[in-house]
Structures are given as C-alpha cells and as structure tokens.
Enquirer: 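Pasting in a structure now, in structure tokens, and then I'll have a few things to ask.
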Amino acid sequence: EATLVASGGAGGDRFGSEVAFSADASRALIGAPNDDTVGGADAGSTRVFARTLTTWTEEAMLVAGDGATTDRFGAAVALSADGSRALVGVFHDGTGDAGSARVFVRAATTWTEDVLLLATAAQAADEFGAAVALTDDGSHALVSVPQDDTTAGTDAGSARYFALTPAGSNGASCSAGLECVSGLCTDGVCCDTACGGGAATDCMGCSAALTGGPSGTCAPLSATVAPT
C-alpha cells in the first residue's frame, strides 16, 4: 500500500476526487479540482505519478494553459493504457460553465497540452467535461454534457464523441517527439532510442531507408548511405 499526495497540496484541494491508471499500473492520474493554481482559486490541477517497483514519484502537474478561477480542472480524468495520453475534464470552464476537456500527451517524462475539446453549439451551464473516457490506445474520447439542452428537454444531457490521433509507435512517421510514444523522433520516424543524439556524422539512423533494417529501430547506417 502507498499513499500518494500532491506536492504543494493544501486544505480544500480535493486531491483524489478523480483517479485513473495505466494498464500496467506504472502511472496514475489524480485530479485536484479545487487546487489554487496560477489560473486562480479553484482553477484545479491534475497530477501524474510514476511507479518504479513499489516507489511512486510525482512526475508532472497538469494545468490548463488558460486556466481561470473555479474552472475545476481535474474533476474528471482518463488515461490511455500505455500512460502516454491523458484526458482531463474542466466542466466549469468557459462562459457560464459551458465546460471543456483537455488532452495532454507525454514524451518520455514531459507532458504537454495537445488538444482542446469543446462541444459544438455549447451553451452556458452545459458542464461539458463532467465525466470523460478514453479508449486504451487514446485514439477515441467520450465527454459527458450532463446539463445539455436537447430535443428531449432542458438539461436532458448528452455525450460527445471525438476521434483523436494516438501517439505513434516505433516506426510511425513523425515530425516531433511529442507525436511518439517513445518521445523520440529521428529521421522522420518514431525511434526506440535517441539514436546517436542527433549529432552530425553519427553514422546511426532509425529509418529503413537509412539502415536497411526496420524503421523505428536505431542501427548503423547501411553501407550505401553516407553520414550527413
């Protein structure tokens, strides 16, 4: 058993209001919707913890880039199976609590806000983001809108589905490390290692065109390719 607490936590933060796990339990996502952050009182935050054997360490504090007072960021959280993508509900975000949800992606141990999800034809008090879910590969998101006015009536509620682009596995095309599960983009593909560190004339490559081997696996350049 382990007790996880937020660094810099304070009374009333409600850390632990929502929680999620990666499939192998190596990462935990924990919401603190009443946390006071740079966005303001009760703007909210979400913490990522990483586990090594039986030791848990706080890896990152996630906040909305445009967080504001009483947003309640972290009132709902979800995590992809591999722990590389997080979805966070912010049901009091926007004009009159219309709400939003934020997608964050991980490159190695660095987390970055990637996508802002909003409801089409959003209205005040819809509370979009009160609950969220992600598929295991992080490619599909479901976001609740419990106070949406529909043809069924006032506050009848709805849920919105979004298709997301999952982080690429080794060998997938990329232009930046944030697009890769490994966090490493080399020679235009997601790579298993830093592969020479990107130094000129390092004689290493990660694409099949350069090494003659499988894309995504760092290897020496093939005999027909000169280092650049």
Side-chain angles (χ1 to χ4, degrees), residues 4 6 15-33 35 37 44-52 56-67 71-91 93 99-119 128-145 159-186 188-193 216:
L4 310 184
F15 177 81
S17 293
E18 282 289 314
V19 297
F21 250 154
S22 60
D24 64 358
S26 64
R27 277 183 171 79
L29 191 66
I30 305 174
D35 190 12
T37 71
S45 70
T46 297
R47 310 300 176 98
V48 182
F49 284 78
R51 179 177 61 85
T52 302
W56 287 92
T57 304
E58 187 172 323
E59 181 175 76
M61 173 180 174
L62 310 183
V63 296
D66 59 351
D71 273 355
R72 303 291 199 270
F73 176 96
V77 301
L79 192 61
S80 61
D82 64 1
S84 68
R85 177 167 287 192
L87 177 62
V88 182
V90 198
F91 75 112
D93 188 18
S100 71
R102 312 299 175 101
V103 179
F104 290 77
V105 294
R106 176 177 60 84
T109 59
T110 299
W111 289 83
T112 305
E113 187 173 336
D114 184 48
V115 181
L116 167 65
L117 303 181
L118 298 169
F128 174 92
V132 298
L134 269 180
T135 52
D136 283 351
D137 67 355
S139 63
H140 303 272
L142 192 64
V143 182
S144 74
V145 199
R160 308 298 175 93
Y161 160 81
F162 298 86
L164 306 172
T165 302
S169 57
N170 291 340
S173 298
C174 62
S175 59
L178 289 174
E179 300 171 14
C180 305
V181 171
S182 67
L184 302 167
C185 180
T186 303
V189 298
C190 296
C191 195
D192 60 346
T193 71

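For the numbers below, each heavy atom of this structure counts, side chains included, while hydrogens, waters and symmetry mates do not.
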Enquirer: Please report the shortest heavy-atom distance between L87 and A101, naming the atom on each side.
Expert: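 Shortest heavy-atom contact: CD1-CB, 4.0 Å.
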
Enquirer: Check step by step if disulfide bond (SG atoms under 2.5 Å apart) holds for C185 and C174.
Expert: CA-CA 6 Å; C185 180; C174 62; 2.1 Å; yes

Enquirer: Check whether any side-chain heavy atom of F21 lies under 4.5 Å from a side-chain heavy atom of R27, and answer yes or no.
Expert: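 When only atoms from C-beta onward are counted, R27 and F21 do not touch, as no gap falls below 4.5 Å.
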
Enquirer: State whether R102 and D93 are salt-bridged, where the test is any N-O pair (Lys NZ or Arg NE/NH1/NH2 against Asp/Glu carboxylate O) under 4.0 Å.
Expert: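 Answer for the salt bridge query: yes.
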
Enquirer: Are the side chains of T46 and L29 in touch, meaning some heavy atoms are under 4.5 Å apart?
Expert: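 The answer is yes, as the side chains (C-beta and beyond) meet within the 4.5 Å cut-off.
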
Enquirer: Can you name the nearest heavy-atom pair linking F73 to L62, along with the distance?
Expert: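 Nearest heavy atoms, F73 then L62: CE2-O, 3.0 Å.
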
Enquirer: Parallel, tilted or perpendicular for F128 and F162, by the 30°/60° rule?
Expert: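 Because their plane-to-plane angle is over 60°, the rings of F128 and F162 count as perpendicular.
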
Enquirer: List in chain and number order the residues that pass side-chain hydrogen bond (donor to acceptor under 3.5 Å, both in side chains) with R160, two or more places apart in sequence or in another chain; answer none if no residue qualifies.
Expert: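 Counting only residues at least two positions away or on another chain, R160 forms a side-chain hydrogen bond (donor to acceptor under 3.5 Å, both in side chains) with D148, S158.
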
Enquirer: Sequence neighbours left out, what passes side-chain contact (heavy atoms from CB on, under 4.5 Å) with D136? Give chain and number order.
Expert: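 In terms of side-chain contact (heavy atoms from CB on, under 4.5 Å), with neighbours along the sequence ignored, D136 is linked to A81.
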
Enquirer: By side-chain contact (heavy atoms from CB on, under 4.5 Å), which residues pair with A172, not counting sequence neighbours?
Expert: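 For A172, the residues satisfying side-chain contact (heavy atoms from CB on, under 4.5 Å) (neighbours in sequence not counted) are C190.
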
Enquirer: Would R85 and F104 count as a side-chain contact (heavy atoms from CB on, under 4.5 Å) here? Give the steps.
Expert: CA-CA 6 Å; R85 177 167 287 192; F104 290 77; over 6 Å; no

Enquirer: Quick one: do R106 and D114 make a salt bridge, cutoff under 4.0 Å?
Expert: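 D114 and R106: not salt-bridged.
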
Enquirer: The criterion is side-chain hydrogen bond (donor to acceptor under 3.5 Å, both in side chains); which residues satisfy it with S84, sequence neighbours excluded?
Expert: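 By the side-chain hydrogen bond (donor to acceptor under 3.5 Å, both in side chains) rule, S84 matches D82.
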
Enquirer: List the residues meeting side-chain contact (heavy atoms from CB on, under 4.5 Å) with V19, not counting sequence neighbours, and say none if there are none.
Expert: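 If we apply the side-chain contact (heavy atoms from CB on, under 4.5 Å) test to V19, skipping adjacent residues, the hits are I30.
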
Enquirer: Does T193 have any side-chain contact (heavy atoms from CB on, under 4.5 Å) partners at least two apart in sequence or in another chain, and if so, which?
Expert: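 Applying side-chain contact (heavy atoms from CB on, under 4.5 Å) to T193 gives C195, C218.
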
Enquirer: Do you know which two heavy atoms are closest between S26 and D24, and how far apart they sit?
Expert: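 Minimum heavy-atom separation between S26 and D24: OG-OD1, 2.7 Å.
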
Enquirer: Could you tell me the separation between the OG1 atom of T135 and the CG atom of L164, rounded to the nearest 0.5 Å?
Expert: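 Separation between the atoms: 7.5 Å.
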
Enquirer: So do the side chains of W111 and M61 get within less than 4.5 Å of each other, counting heavy atoms only?
Expert: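 Of all side-chain heavy-atom pairs linking M61 with W111, none is under 4.5 Å.
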
Enquirer: Checking D35 against T37: is there a side-chain donor and acceptor pair closer than 3.5 Å?
Expert: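 No.
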
Enquirer: Quick check: closest heavy atoms across A50 and E59, and the distance to 0.1 Å?
Expert: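 So the two residues come closest at CB-OE2, 3.9 Å.
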
Enquirer: Taking side chain as C-beta onward, heavy atoms only, is L79 less than 4.5 Å from L134?
Expert: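 L79 vs L134: side chains apart.
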
Enquirer: For L118 and S100, which heavy atoms make the closest approach, and how far apart are they?
Expert: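 Shortest heavy-atom contact: CD2-CB, 3.6 Å.
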
